[in-house]
Amino acid sequence: MKTRESSYFQQWQEDTQKQIEKRPERKESFHTLSQIPVDRVYLPDEMDEHYQDELGLPGEFPYTRGIRPTMYRGRHWTMRQYAGFGSAKETNRRFRYLLEQGQTGLSVAFDLPTQIGYDSDDAMALGEVGKVGVAIDSLEDMEQLFEGISLDKVSTSMTINAPASVLLAMYMVVAEKQGVAPGRIQGTIQNDILKEYIARGTYIFPPKPSMRLITDIFSYCTEFAPKFNTISISGYHIREAGSNAVQELAFTLANAKAYVEAALDAGLEIDTFAPRLAFFFNGHNHFFEEAAKFRAARRMWARIMKETYGAKNPKSWQLRFHTQVAGSTLTAQQPDNNVVRVALQALAAVMGGTQSLHTNAKDEALSLPTEDSARIALRTQQIIANETGVADTVDPLGGSYYVESLTDEMETRAQAYLDEIEKRGGAVAAVDQQYMQREIQRAAYDTQKKIENEEEIVVGVNRYELDEEPEPDLMEVDDTFVSEQHQRLESLRKNRDEQKVKRALEELAYQAEGTSNLMPFIKEAVREYATVGEICGKLRDIFGEYQG
Amino acid sequence: MKEKIRVLIAKPGLDGHDRGALVIAQALRDAGMEVIYTGLRQSPKQIVRAALQEDVDAIGLSCLSGAHNVLFPEVLRLLTEEDAEDVIVFGGGVIPHQDAKVLEEQGIKKIFTPGTSTKAVAAYIDQAVNEKRGSEKKLLSPPGGVDHIGIAVHSIEDALRFYADHLHLKVEAETEVPSEGVKVAFIPVGNTKLELLEPLTRDSPVAKFLEKKGEGIHHIAFSTHSLEDRIEQLKREGVPVLNEEPKVGAGGYPIAFLHPKAANNVLVELCDPSRKGEGVKS
């Protein structure tokens, strides 16, 4: 039967229409620049069973063509630029600047000591304070970070993993102090520890207690902060560590399955936490392979959730993801070329149906972005959204022989990895066996050799080099704030109620030895201005430290 | 047999991105070295301790977090404290050019910035360690100076008008090099010389240069020593050379040209004027 006459399509249209009445699309009708009308979605003339099973309609299982029926016709993806450096005060200024420039969500980068649970004055923090992100030692810093920013108006993504519960607790307390109930806060914590062991290295505790902290967050948020995404399962770093697209897809889904199983083992119901799982992928160079990767990811996840775990709520089947374009493809040579790379990678992410996007700044192979380069990066997304027309129809690449074939192939190859990991006892066991680490390392070395043999061309590096490289303007983080940060810590420790801090920390340690959900106890310690280092230190004493 | 070179690859600080460190470690192993990788999050103290325990020739530090200015010099300081300054320390990562310069002045032997080929890193370490062991001549010191600047001209006589009449420079020697199809005039100026090159035949390299680019600077010649070894070293680093063996240049001493694509489209000549009249090994 002709697609448009089929009852499947008719039903979809009716449902979509109802949704649009509640939440209209961006425009009443969409047209190309020469006034050719643009439909919501383009479909084959006849929809056979294969098409329906493998692709379906947007917003319908298996979501190959997108998780919402209208996608960006309804509203653009969230433009979420990752930012953070130096002190909370300075980062607060950059946040406000980005919000004024039209950014719609915040994304916090924390410095390495915060990410690994050390205070700024810890010996391990030498040279690292405020370098790759903002230094947060206590609730006081968090209050300063969001000063003048209403937490019921923005959604905030926090790239934090090992101490995710501590930073989430701080965010909730800041919201409370602003008069915003936890049920209204929106955002995402990365909270994906498995990829830290595989690819990024900012772990603190061994896998088992780390998994407990994660499932504690799942169940706590289900009850108290239902709009908060409790994890962002990340392929991004796996790719940055050198994997290829298939490995990125496979290892991310393997990790995701491990989190689901940990939560099920902890006694949670699949449909209570699954709708709050989010993903984070890399937007790399190969335009079609990247778009295919996102489409395959959605289809695979939908099937895993429905068929393997028996989830019933369609929201549990939908893979929602943030994309950051590939930092590792940026070159120090001819940094202006990075603007073009970023635009194309971002375009692939949009074609693949991302829910939010970070575009890198051109100078990130050299240092943190300047205000200028951060603005150009944001403008790149705004141009894609508003000027190119790619957001006016859903899944514009769907039905391309090439893209559909690549999507199928990505799925087949990723599935082979998933089967192998399953055979090894799942993602946690595979991490222990260094299986993923070895696979990634091999891929990374192969790529390097290909670049050196000029089998892979990197413009400006091994081809089309410039005689003279102009000196770029670089952002420099002023180190003078480090001693200020140390002083702030010192006066914090002097002015807080030391008895209460001690009691809260001891209670936390006691509960950590048991099996209670640790979130309320972490929140209590945070409220009394216990520091990140103190809280993580207590947990270190109980849980031990992971040695990579 | 030559003892294997031992290298410690280390990740100082809290940064967990070790793709670069792992790739370099693998490349050095492929180049025949023994490589120990410390793993993540090592303090300078731990790194120096491991280096002494493992008795390595060199330490490679990789850092992407921006903490290099604090952590790298600390490794050097601790090595000195342990009387182990002879361990070669090199580094890499996201390190701005200005910082690299300062670090090298402080005693880091070399900072390799992103985009450096792994071959170049391996060849450099090989050379540096062998020099330290005293088994090879020093090749890693920079050239001693600019021996001369070659300028392609249609006619030496016409060109001389400017140099002789207005700059009051004098020709020291004029000679023909039939094998290159060129006539040459040397004009001393300060510590260096100009070399005017006039083609003798239509198919000579200089004639082709003039046809393609017109008159102008043709090459820069750096004076060095150990020319043969240096050519070998450059080849190992993946630098394209035009002369695999030195030949005798117009000045009567051994020379060799590198391919212009090695040096931003500048034809570079290496020469050893201390071997004037000596000729070259065949």
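Naming: A, B, ... by sequence-line order, numbering from 1 per chain. The shown structure was predicted, so the numbers you read here are calculated from the model rather than taken from an experiment.
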Only one of E248(A), H237(A), E240(A) clears side chain to side chain donor-acceptor pair (under 3.5 Å) with N282(A); which? E240(A)

Measuring heavy-atom distances to chain B, does A123(A) have an atom under 4.5 Å in its side chain, in its backbone, in both, or in neither? neither

With chain A as the partner, which of S43(B), G39(B), S65(B) has the greatest number of non-hydrogen pairs under 4.5 Å? S65(B)

With a 6.0 Å cut-off on ring centres, are Y124(B) and F90(B) close enough? no

Between Y203(A) and chain B, with a heavy-atom cut-off of 4.5 Å, which part of the residue counts as in contact: side chain, backbone, both or neither? both

Nearest heavy atoms of R200(A) and E196(A), plus distance in Å: NH1-OE2, 2.7 Å

Within the 4.5 Å heavy-atom criterion, are N255(A) and M436(A) side-chain neighbours or not? yes

Segment of L22(B) engaging chain A (4.5 angstrom heavy-atom cut-off): both

Is it true that R442(A) and E439(A) have a side-chain N and a carboxylate O under 4.0 angstrom from each other? yes

Just give me the residue among A199(A), G201(A), G133(A) that pairs up with chain B most often, heavy atom to heavy atom, under 4.5 Å. G201(A)

Using a cut-off of under 4.5 Å on heavy-atom pairs, state which of T118(B), L71(B), D18(B) scores highest against chain A. T118(B)

Side chain from CB out, backbone as N, CA, C, O: work out which of these in T38(B) comes under 4.5 Å of a heavy atom of chain A, or both, or neither. neither

Go through the atoms of A27(B) and report whether side chain, backbone, both or neither lie under 4.5 Å from a heavy atom of chain A. both

Which answer fits I116(A), side chain, backbone, both or neither, if we ask what part of it has an atom under 4.5 Å from a heavy atom of chain B? side chain

Measuring heavy-atom distances to chain B, does S328(A) have an atom under 4.5 Å in its side chain, in its backbone, in both, or in neither? side chain

For the residue pair D137(A) and D119(A), what are the closest heavy atoms and their distance? OD1-CA, 3.4 Å

Please identify which of these residues, I88(B), V89(B), V87(B), meets the side-chain contact (heavy atoms from CB on, under 4.5 Å) condition with K109(B). I88(B)

When R41(B), K119(B), K261(B) are compared by non-hydrogen pairs under 4.5 Å with chain A, the top option: R41(B)

Please determine which of I47(B), L64(B), L61(B) meets the side-chain contact (heavy atoms from CB on, under 4.5 Å) test together with K11(B). L64(B)

Any idea which of I95(B), N265(B), N69(B) has the most non-hydrogen atom pairs under 4.5 angstrom with chain A? N265(B)

For a quick test of reading the model, state the closest non-hydrogen atom pair linking L28(B) to V35(B) and the distance between them. CB-CG2, 3.6 Å

Q547(A), part contacting chain B, at a heavy-atom distance under 4.5 Å: neither

Okay, D15(B) and chain A: the region with an atom under 4.5 Å from a heavy atom over there is both

